[in-house]
Student: 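Please read through the structure below; I'll follow up with questions.
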2 protein chains.
Amino acid sequence: MKSDRSAGKVTLADVGRVANVSAITVSRALRKPEMVSPKLRQRIEEIVEQLGYVPDPVARALASDRTDVIGVLIPSVTNSVFADVLRGIYAGVEGSPFSVQFGNTRYSVLEEERLLRVFLSQRPAGLIVSGIDQSETSRALLMQARCPVVQIMEMGPAPVDMMVGFSHFDAAYDATRHLIAGGYQRIAFLGARMDPRTQRRLEGYTQAVKEAGLFDEGLIITTPRASTVGLGCQLLSDLMARTQKIDAIFCNNDDLALGVLFECQRRRIAVPDEIGLCGFNDLEMMAVANPPITSVRTFRQEMGRRAVEMVLARIAGKDVPQPVVDLRYELMPRLSTRGQERLRRGA
Amino acid sequence: MKSDRSAGKVTLADVGRVANVSAITVSRALRKPEMVSPKLRQRIEEIVEQLGYVPDPVARALASDRTDVIGVLIPSVTNSVFADVLRGIYAGVEGSPFSVQFGNTRYSVLEEERLLRVFLSQRPAGLIVSGIDQSETSRALLMQARCPVVQIMEMGPAPVDMMVGFSHFDAAYDATRHLIAGGYQRIAFLGARMDPRTQRRLEGYTQAVKEAGLFDEGLIITTPRASTVGLGCQLLSDLMARTQKIDAIFCNNDDLALGVLFECQRRRIAVPDEIGLCGFNDLEMMAVANPPITSVRTFRQEMGRRAVEMVLARIAGKDVPQPVVDLRYELMPRLSTRGQERLRRGA
DNA sequence: TTGACAAATGACAGCGCTAACATTTGTATG
DNA sequence: CATACAAATGTTAGCGCTGTCATTTGTCAA
C-alpha cells in the first residue's frame, strides 16, 4: 500500500516504467551517462524532463553513503573577514553539483567539536574548518573523517590533511617592522577578541618591537570583546588615558583602525603627523579613508576559493600537488604611516 | 553480508540489542520520550551515551519524509545587512534541533528559483526567503511548499505565508522628511545596486521631495554596482561634477554615506555645515564616525530571529497569532544633519 | 478474580536510491 | 558459425530510520 505522503513525487522507478527500463538504468543514465547507450540515455532524459523528475538527494545519500555537501565551520558570520571567505567558497562550488553547509562555531572550541560531530554524521563530501587550534578530540575526528579536509585561515606545522592560509605572525611582524622602518618608536598594539589568530598577530608585533628594543608592555591594550569601530574609539581613549607617549598604533584589524581614526579626528590628533596608524586585513574602506590607512592585505576570498578547489580535486580523485598553500599577505603602505617621514621633510 | 562502509557506525538496532529492546523503542526513547517508560528511557540514554550513538539525519529524513533543516535564501553573504540577518537566524535556531541551510541568490530571481527547487526537493522543515519580488514560478513553488514559509526584509500586500520586515518606502520617506524639516532644500539621493528594496527607498525619497516641491531629477545618482565605501566617494565626485548646488545627501546605505563623508573631508566640505548627510541601516560605525552620521536604524537581527520563531512555532503546530510582522525602523538623528540648524544659530 | 482499557513495546514494511553481482546483448575473431 | 569478450541492462538487497498496526503488559473497577 503506497502511502500518500509522497503525493505526486516522481521516482526513478516511475521514469523507468515509462521508459521500459529498470530504475537502476535510469539512475545510471543520470549519474554515469557513459554507462548507458546514447539512444536510451536521450530517451530517458526526455522522459525525466517530461515527468519533472527531481532526484532525491536524501535517498541518494542513504543508499550511496555520501552526499554532495561540503561542510564549512567558521567562527563568525558577521565578521566581514569570514564573509569574504564565504564568498570565495561560494564562488568555488559555483557550477559544481556540490553545495555548502555552514556551521557557526562562535569562536568556541567546544561548539566546533559539537558541530563537527553533527557534520560528520551527515557524510560530508568534504570539510573546511577554520584555524589550526582544534581540540584534541576535534583533531581526531578530522583525522578519521573519510573525506577531504582543509584547514583555512592560518599556516601551521601539522595539517590534518590540506591547508590554505597565511602566517598571522609574519604578517604582524612585517607590519610592525614597517612602522619601525618609518621611524616610529612608541608603537602601541590594539587587540580585540583575542582569538588564536589575533594572539599570533600580537606575538608577531611583540617580536618585532623587542628586536628593535622598543618593547613596552604598557603600549599593549587588548580586550576579549568583539572588535567594532566603536571599540576602536574606546581603546584609543583607554590608551591615551594611560599614556600620551605614543607615536604609532598597530590595530589588530581594520574596524579598530577606523575607530582610532575617528577618535583621533575628534581629539584633533593628526594622523599621520602625530600618530601613525596601521590596520589589518585591508578592507575596502581603508584605501579611501581620510587619510588612507596602511593595512595588511589578506586574500580572504582567494582562501575560500582555493580551499574548495582542493576539496573538489580530491573528491574527483585527482592528486593535489600542493596540499599546503601559503597565500601570504601584502603590506599596503599608505599615508597613515608616513608621519615621521613627513616630519623629517618638515611637512 | 554486512558491507564495511558503515565501519564502526552505531545504529539504533545496535543500541536496541544492548538494551534488549527493539530499534523502534530506542527511536521512541529519543524522539518521543513520553511514549517510553522512564526507567527504560534512562537505560537507553545511558547505552546511547556509552556506545556513542549518533542519529542519522539522512535515514531519518528518508523514513519520515521530513528534515530538521530550515532553508534560507538571501541575495548576498558579504553585505553586512544580510550578515546581521543571518546572525539573527542563527540565534533563533540556537538550542532547537533545527539547522540552517543557506542559499545565495546573488540578487538573481532565476537563481532564486533554481535554489528553491533544490531546497524543496530536500523536504525543508521551513523556508525563509528574502523580499517580495519572487518570480511567478517561485511564488507558485512557495505556495505549494508543504512547510512554513517566511518572507523577510520587506512588507508587501500579499504574503505567500508569513512575513517579517519593514517598509523601505516609509523609511526613506521619513528620512527625507527629516532632512526637509531640518531646512535642507537641495537634497541628493545616492543609490547603488538598485535591487527592489533600494528602488523602493528611492520612491520614498522621491515622494517626500515632490511633496515639498523640492524634486530635481539631477540630484539623483544611481548605479547598478554593489555599494562600497569607495563607491560613495566616487558618487559624490560625480555629483559634484554635475552640480555644486547641493545641501544634503541621502545615501541609500551606510557604506555610501561613509564614502561620502571621507570624500567631503578630502574636499574640505564641512559636514554638516555645508552638506547634510544621512545613511541607511545604521551600521555600528555611524554613531562613532566624525561627525556621527544620521541614519535609519533597521532591525536586522531581530528580523532573522523573528522569522525563525515563526517557523518554529508553526512546525510545533502552534497558531501564529501575527503572521505578518512590521518591525518598523527608527530614525537616528545625529550631528551630520544639523547643518541648517547650526547656520541659523550662527554656529 | 475478571474484564476493560490504557500504556508500553514490538513486528513489519518501505522511504528512493545505489552497490554489487548477474545476466543478456552485441561484436569481433578465427 | 562458434567463441570470447566487452558493453549494456537487470536483479537483489539493503542504507538506518520511522509510520502503522499488532501485541503484550499493567492498572483499576466491579
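Naming: A, B, ... by sequence-line order, numbering from 1 per chain. Nothing here was measured: the structure is a model prediction, and the numbers come from that model.
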Student: Counting only side-chain heavy atoms from C-beta out, which of D:dC17, C:dC17, C:dT9 sits nearest to A:T11?
Tutor: C:dC17
Student: Does A:V15 reach the side chain of A:L51, with side-chain heavy atoms less than 4.5 Å apart?
Tutor: yes
Student: So, B:S22 and B:T25: side-chain donor and acceptor under 3.5 Å apart, yes or no?
Tutor: yes
Student: Indicate whether any N or O donor in one side chain lies under 3.5 Å from an N or O acceptor in the other, for A:E113 and A:S135.
Tutor: yes
Student: Counting side-chain heavy atoms from C-beta on, which of D:dC17, C:dG16, C:dG10 comes nearest to B:I24?
Tutor: C:dG10
Student: Base, sugar-phosphate or nothing for B:K32? Non-hydrogen atoms, less than 4.0 Å.
Tutor: sugar-phosphate
Student: Whole Å only: how far is the CG atom of A:N20 from the C1' atom of D:dT9?
Tutor: 13 Å
Student: Nearest whole Å is fine: how far is D:dG16 P from A:R123 CZ?
Tutor: 7 Å
Student: To the nearest angstrom, how far is B:R28 atom CZ from C:dA11 atom P?
Tutor: 11 Å
Student: Parallel, tilted or perpendicular: which one describes the rings of B:F102 and A:F102, with boundaries at 30° and 60°?
Tutor: tilted
Student: Between B:S37 and C:dA7, is there a side-chain N or O to OP1/OP2 distance below 4.0 Å?
Tutor: no
Student: What is the distance, rounded to the nearest whole Å, between atom CD1 of B:I44 and atom P of D:dC17?
Tutor: 13 Å
Student: Name the closest nucleotide to the A:K9 side chain, picking from C:dG16, C:dC15, C:dT18.
Tutor: C:dG16
Student: Within the 4.0 Å heavy-atom criterion, would you say B:R31 contacts the bases, only the backbone, or no part of the nucleic acid?
Tutor: sugar-phosphate
Student: For B:L12 and D:dC15, what is the distance between atoms CG and C1' respectively, to the nearest whole Å?
Tutor: 13 Å
Student: Taking atom C1' of C:dG14 as reference, at what distance in whole Å does atom CZ of B:R60 sit?
Tutor: 17 Å
Student: If the cut-off is 4.0 Å, is A:S22 near the phosphate of D:dG10, judged by side-chain N/O to OP1 or OP2?
Tutor: yes
Student: For A:T67 and A:A61, indicate whether the former's side chain and the latter's backbone hold a donor-acceptor pair under 3.5 Å.
Tutor: no
Student: Closest to the A:M35 side chain: C:dG16, C:dC17, D:dT9?
Tutor: D:dT9
Student: For A:D65 and D:dC17, what is the distance between atoms CG and C1' respectively, to the nearest whole Å?
Tutor: 15 Å
Student: Need one value for A:V58: base, sugar-phosphate or nothing, where a base atom within 4.0 Å counts as base even if backbone is also close, heavy atoms only.
Tutor: nothing
Student: When the distance from CG of A:L40 to C1' of C:dT24 is rounded to whole Å, what number comes out?
Tutor: 15 Å
Student: Verify the contact: side-chain N or O of A:S27 to OP1 or OP2 of C:dC17, cut-off strictly under 4.0 Å; return yes or no.
Tutor: no
